[in-house]
Protein chains: 2
Amino acid sequence: MSYNQHFEHLLKRHQLKRTEARLRVLSLLVNKKTATSQPDLESVIGDVDRVTLYRILSAFEEKGIIHKVFDLNGTANYAICADDCDEHHHHDEHLHFNCSNCKNVYCLDELDMPPIVLPAGFKLEKLSFSAVGLCPKCLNK
Amino acid sequence: MSYNQHFEHLLKRHQLKRTEARLRVLSLLVNKKTATSQPDLESVIGDVDRVTLYRILSAFEEKGIIHKVFDLNGTANYAICADDCDEHHHHDEHLHFNCSNCKNVYCLDELDMPPIVLPAGFKLEKLSFSAVGLCPKCLNK
DNA sequence: TAGCTTAATGCAACTTTATTGCATTTTATT
DNA sequence: AATAAAATGCAATAAAGTTGCATTAAGCTA
């Protein structure tokens, strides 16, 4: 199945209309190891309004298609979710690695995250781990 | 030793001049279980310029007096560091708990954080854990 | 304690990221 | 082809943070 078919499927499944802008966002995010910020997306996506982009990203986030993670500057970055995410539950409890040099945010979802026990009285909904350091590319320079 | 003496000591130790604005920031942050955002600080600190506040916060952060953590909106929040932080090393590898109701950010520094092993090629500098959920106050409503 | 040097502050302007309201266009369906 | 709902574009606005520069204050030193 081609990416395009896959994307159309994905949109239909979440009751989102198939539009050019949404397909472009999906194709920009898929297969990327790093999360992408709205400003970065904006600069490469071409003829799509800033506001539209924001709205697409938040719609996708609500539906569980992508997840949002903040980088070292507090800017939102977005990455495609693993397949088992949906509207009701995000499985994005993986490690986000922020490279202090190139500023890329890597989703290291192959790592198992240890369980965390909270103090009494706190109700956990979501957990996330983030690391800062140098990524392989920047380390080899 | 009074708080004021303690703060003056702290500033001198980090080669920062003792100013009214800095003392106010310290007294607002000390003994708080939750981290405070710049906007929140600004609204209560009184007659201190926005820019000055930003500069005080980043100076304190550089010196290891406070640490910065982003909340669910990507806004920077600040909290006093544990005593053993300094310019060269931050010990802020504790859990930050974001309440999805009241938006407060709790520094749960009494919890032991498990070690995380990164994939080969990544060099770790700093690690942080953050959770989203309901805090005790909001849970009891 | 007066003078001096450096650090800190205040102000104005600006940048970046994000949001809202509303008119227009497009999608998907009948 | 007509239609209703959803999506988009545009303009305006908001919020968070930054930069440059002139002024003021802190804390030495004589």
Side-chain angles (χ1 to χ4, degrees), chain A residues 4-5 7-26 28 35-63 65-78 87 98 103 105, chain B residues 4-5 7-26 28 35-63 65-78 87 98 103 105:
Chain A
N4 233 279
Q5 284 175 299
F7 295 156
E8 295 186 12
H9 214 96
L10 193 62
L11 291 173
K12 182 162 269 175
R13 187 151 58 90
H14 290 100
Q15 300 151 64
L16 296 169
K17 289 185 176 170
R18 190 208 75 110
T19 67
E20 180 59 28
R22 285 175 175 168
L23 292 176
R24 282 200 219 166
V25 170
L26 289 175
L28 285 173
T36 314
S37 65
Q38 190 280 340
D40 281 358
L41 283 171
E42 191 184 332
S43 70
V44 296
I45 203 174
D47 203 20
V48 173
D49 192 82
R50 285 164 44 67
V51 179
T52 301
L53 186 48
Y54 276 111
R55 287 195 270 232
I56 289 175
L57 291 171
S58 57
F60 282 5
E61 200 200 356
E62 264 172 41
K63 297 292 187 172
I65 298 174
I66 61 179
H67 67 268
K68 174 157 77 170
V69 51
F70 292 106
D71 65 20
L72 293 176
N73 307 311
T75 304
N77 286 53
Y78 300 89
E87 207 152 341
N98 296 258
K103 313 297 179 201
V105 181
Chain B
N4 233 279
Q5 284 175 299
F7 295 156
E8 295 186 12
H9 215 96
L10 193 61
L11 292 174
K12 182 163 269 177
R13 186 149 60 87
H14 290 100
Q15 301 150 63
L16 296 170
K17 289 184 177 171
R18 191 208 74 108
T19 67
E20 179 58 26
R22 285 175 175 167
L23 292 175
R24 283 201 219 166
V25 170
L26 289 174
L28 285 173
T36 315
S37 65
Q38 190 281 340
D40 282 358
L41 282 172
E42 191 184 330
S43 71
V44 296
I45 203 174
D47 201 21
V48 173
D49 193 81
R50 282 165 42 67
V51 179
T52 301
L53 186 47
Y54 275 111
R55 288 196 270 232
I56 288 174
L57 291 170
S58 57
F60 283 4
E61 200 201 355
E62 265 172 41
K63 298 290 187 174
I65 298 174
I66 62 179
H67 68 266
K68 173 157 79 169
V69 51
F70 292 105
D71 64 20
L72 293 175
N73 306 312
T75 304
N77 286 53
Y78 300 88
E87 207 151 342
N98 296 260
K103 312 300 177 198
V105 180

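Computed from a prediction, not measured in an experiment: that's the story for all the values here. Quick note on labels: first sequence line is chain A, next is B, and so on, each numbered from 1.
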Residues in salt bridge (Lys or Arg N to Asp or Glu O under 4.0 Å) contact with A:Arg24, at least two apart in sequence or another chain: A:Glu20
Length of the CD-P vector between B:Glu8 and D:dA26, whole Å: 12 Å
Distance, nearest 0.5 Å, that separates CD of B:Gln38 from CZ of B:Arg50: 6.0 Å
5' to 3' contact window, DNA chain C with chain B (heavy-atom distance under 4.0 Å): C:dT6 to C:dA12
Side chain to side chain contact (heavy atoms under 4.5 Å, CB included) partner of B:Val105, chosen from B:Leu72, B:Thr75, B:Val69: B:Val69
Sugar-phosphate, base or nothing in reach of A:Ala59, heavy atoms under 4.0 Å: nothing
Nearest-Å distance for atom pair CZ/C1', residues A:Phe60 and D:dA7: 12 Å
Residues that B:Arg55 engages under salt bridge (Lys or Arg N to Asp or Glu O under 4.0 Å), provided they are two or more places apart: none
First of A:Thr52 and B:Thr19 reached from the 5' end of DNA chain D, by closest nucleotide: A:Thr52
Test applied, side chain to side chain contact (heavy atoms under 4.5 Å, CB included); reference residue, B:Asn77; option that passes from B:Asp71, B:Asp40, B:Asn98, B:Leu41: B:Asp71
Flag side-chain contact, heavy atom, 4.5 Å: B:Val44 against B:Thr36: no
Pairwise side-chain contact, B:Phe60 with B:Arg22, heavy-atom cut-off 4.5 Å (strictly under): yes
Check: A:Thr19 and A:Thr52 side chains under 4.5 Å, non-hydrogen atoms: no
Rounded distance in Å - CG (B:Asp49) to C1' (D:dG20): 14 Å
For B:Ile65, the option from B:Leu57, B:Val25, B:Leu10, B:Ile56 that meets side chain to side chain contact (heavy atoms under 4.5 Å, CB included): B:Leu10
A:Ala76 to A:Tyr78 - nearest heavy-atom pair and separation: CB-OH, 3.7 Å
Rounded distance in Å - CG (B:Leu23) to P (D:dA25): 16 Å
Set of residues satisfying ring pair (Phe, Tyr, Trp, His ring centres under 6.0 Å) with respect to A:Tyr54, sequence neighbours excluded: none
Tabulated below should be each protein N or O lying under 3.5 Å from an N or O of nucleotides 28-30 of chain D; please produce it.
none

Between the protein and nucleotides 14-19 of chain D, which nitrogen or oxygen pairs are less than 3.5 angstrom apart?
residue	atom	partner	partner atom	Å
D:dG17	OP1	B:Ala76	N	3.3
D:dG17	OP2	B:Tyr54	OH	3.1
D:dG17	N7	B:Arg50	NH2	2.5
D:dG17	O6	B:Arg50	NH2	3.3

